[in-house]
Number of protein chains: 2
Amino acid sequence: MAAKSEQTRQKLAEVALRMFREIGFEKTTMRAIAAEAGVSAGNAYYYFESKDSLVHELYVQVQAEHAERAAGALATTGGLAERLKAVLHAGLDVMAPYHRFGADFVATAIRPTSPVNPFSTASNPAREASLEIFRQAVDGARPAVPKKLRSDLPELLWLCYMGVTLFWVYDTSDGQQRTRRLVDGAAPLIARGLGLARVPGVGKVLDDVLNLSRSVRS
Amino acid sequence: MAAKSEQTRQKLAEVALRMFREIGFEKTTMRAIAAEAGVSAGNAYYYFESKDSLVHELYVQVQAEHAERAAGALATTGGLAERLKAVLHAGLDVMAPYHRFGADFVATAIRPTSPVNPFSTASNPAREASLEIFRQAVDGARPAVPKKLRSDLPELLWLCYMGVTLFWVYDTSDGQQRTRRLVDGAAPLIARGLGLARVPGVGKVLDDVLNLSRSVRS
DNA sequence: ACTTGTTCTTGAACACGTTCAAATTTGGGG
DNA sequence: CCCCAAATTTGAACGTGTTCAAGAACAAGT
């Protein structure tokens, strides 16, 4: 079976992710991963082109689990605030075991040249999956969000999610409860804020914000 | 004179900063810095405890120059939008020579354990100086900003500045003109948006936003 | 069974950031 | 001028991520 090779690859990924969780990024050396997986250090590079690639593996797995959990949570709630809370909390739940690793993860991910960078082509599928979660959260919301916002909102919320993640990385409170409170507080505020889009003066400013955000992305 | 030692220290910092600018972070090895400064590699560690410390040196210098330039630009403008633009553009001007180095800088700075981290105690003076710029920009604005915002706004604008910096790091357009356009577009929008604070419905939401932002910072 | 081409694996090597004991230089006090 | 303690400097060493030439295991055709 050709599965022998795939087995080694998975063993490496599994060992790496466990060590990231348990002893952190720096203490998890390539040599240690290889040893624990029962292969030579050089061999690990046959399967993963760099240590960062192993972090990418983690990123992909976390995104996948986030999508799964979020979908479940979205099935039962209707209001935008509740849907947003569900999605964000699901993300935090999935990341929780990796909190001690978070800072190194972000430091790696923020490099434009890294495969882990959420804007890199290597991360395209993972980012697309993540964006899709927010599209569902917005599209399925009752009452519906104002029309003119519907197309841009998912991407903006995804950006908020990146911001929340950043906040979470720095959050040293017990079980990152500060981040939980931030989510609980911010989600209804965002939902209420969107309702203001129909207030005449606000609508004008909002249009300009959306235009700017579009022009800046292109 | 005791300046001999200080001279070596400055030579190292000067060489390091120049190399960061000219050949980037990774190619600037500690051995190369030391060689160029005419000392041994080990000796560089007598003056700087790590390569990151040299990045911190850069951060401090950039902040200082930003403060200086911003103060000059603020002397001549009154409207909040213009003042904000002046401050942000001044920041971009100062950082410009280091753009190629930006990604590595941010990756270093984002680690909570790094001396370069803007929230670290080592960065306290630099951050305080930076915050002071935004305080001046807000306090001296005519027409004045709504009272209830005046105390929180500087910190929030400083956060925006961090965001702009992040955007700038990723901005590969010629001379980072996209970031320039973002600043030109966002500054008047923020100023206009603040005017909405007096609209009844908006004020309520805004109060909650401020409360949340306060509770989350404590 | 033997050959051949591919896939997988190894172990030694490299450059890097960093550490440290030892050597050297420096600056005062006798 | 000499000596000593402190400040400075060195060069070798360590562990890291990564590379690579060489070898081992494997699959398939004859």
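Labels below follow one simple rule: chain letters A, B, ... track the order of the sequence lines, proteins then strands, and each chain is numbered from 1. Quantities reported herein were computed from a predicted structural model and do not represent experimental measurements.
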**Student:** Send over the distance from Tyr46(A) OH to dA25(D) P, rounded to a whole Å.
**Tutor:**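 Roughly 16 Å, once rounded to whole Å.
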**Student:** With the threshold set at 4.0 Å, does a side-chain nitrogen-carboxylate oxygen contact exist between Asp139(A) and Arg150(A)?
**Tutor:**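 Arg150(A) and Asp139(A): not salt-bridged.
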**Student:** Whole angstrom is fine here: how far is it from CZ in Arg111(A) over to C1' in dG17(D)?
**Tutor:**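 Taking atom C1' of dG17(D) as the reference, CZ of Arg111(A) is at 13 Å.
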**Student:** Expressed as a whole number of angstroms, how long is the span from Arg31(A):CZ to dT9(C):P?
**Tutor:**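 So the two atoms are 19 Å apart, to the nearest Å.
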**Student:** Looking at every strand, decide which applies to Phe48(B) at a 4.0 Å heavy-atom threshold: base, sugar-phosphate, or nothing.
**Tutor:**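 It contacts nothing in the nucleic acid.
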**Student:** Under 4.0 angstrom, heavy atoms only, what part of the nucleic acid is Thr28(B) near: base, sugar-phosphate, or nothing?
**Tutor:**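 If one applies the 4.0 Å heavy-atom cut-off, Thr28(B) turns out to touch the sugar-phosphate alone, with no base involved.
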**Student:** Send over the distance from Lys51(B) NZ to dT19(C) C1', rounded to a whole Å.
**Tutor:**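 Atom-to-atom, Lys51(B) to dT19(C), this comes out as 17 Å.
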**Student:** Over all strands shown, is Thr29(A) touching base, sugar-phosphate only, or nothing at heavy-atom distances under 4.0 angstrom?
**Tutor:**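 Contact class for Thr29(A): sugar-phosphate only.
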**Student:** Taking only Lys NZ, Arg NE, NH1 and NH2, and the carboxylate oxygens of Asp or Glu, determine whether Glu36(A) and Arg18(A) approach each other closer than 4.0 Å.
**Tutor:**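 Judged by the 4.0 Å cut-off on N to carboxylate O distance, Glu36(A) and Arg18(A) do form a salt bridge.
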**Student:** In whole angstrom, give the distance that lies between atom CG of Asp52(A) and atom P of dT18(D).
**Tutor:**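 Checked: the CG to P distance equals 7 Å.
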**Student:** What nucleotide, of dT8(D), dA13(C), dT18(C), holds the atom closest to the side chain of Ser5(B)?
**Tutor:**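 Given the options dT8(D), dA13(C), dT18(C), the side chain of Ser5(B) is closest to dT8(D).
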**Student:** Against Leu54(B), only a single residue in Thr28(B), Ile33(B), Leu17(B) fulfils side chain to side chain contact (heavy atoms under 4.5 Å, CB included); can you say which?
**Tutor:**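 With Leu54(B) as partner, side chain to side chain contact (heavy atoms under 4.5 Å, CB included) holds for just one option, Ile33(B).
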**Student:** On DNA chain D, check which nucleotide each of Ala41(A) and Thr8(B) is closest to and give me the residue with the more 5' one.
**Tutor:**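 Its nucleotide being nearer the 5' end, the pick is Thr8(B).
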**Student:** Are any of Tyr45(A)'s side-chain N or O atoms less than 4.0 Å away from OP1 or OP2 of dT10(C)?
**Tutor:**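 No, outside the criterion.
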**Student:** Looking at Tyr98(A) versus Phe105(A), is the centre-to-centre ring distance below 6.0 Å?
**Tutor:**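 Here the rings of Phe105(A) and Tyr98(A) have centres that are no less than 6.0 Å from each other.
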**Student:** Assert yes or no for the condition that the ring centre distance of His66(A) to Tyr161(A) is strictly below 6.0 Å.
**Tutor:**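 Yes; Tyr161(A) has its ring centre under 6.0 Å from that of His66(A).
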**Student:** Which whole-number value in Å describes the distance from Asn43(B) CG to dA7(D) P?
**Tutor:**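 Taking atom P of dA7(D) as the reference, CG of Asn43(B) is at 15 Å.
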**Student:** What is the separation between atom CE on Met30(A) and atom P on dC14(C), rounded to the nearest whole Å?
**Tutor:**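 So the two atoms are 20 Å apart, to the nearest Å.
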**Student:** Expressed in angstrom and rounded to an integer, what is the separation of Leu54(A) atom CG from dT18(D) atom C1'?
**Tutor:**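 That distance rounds to 13 Å.
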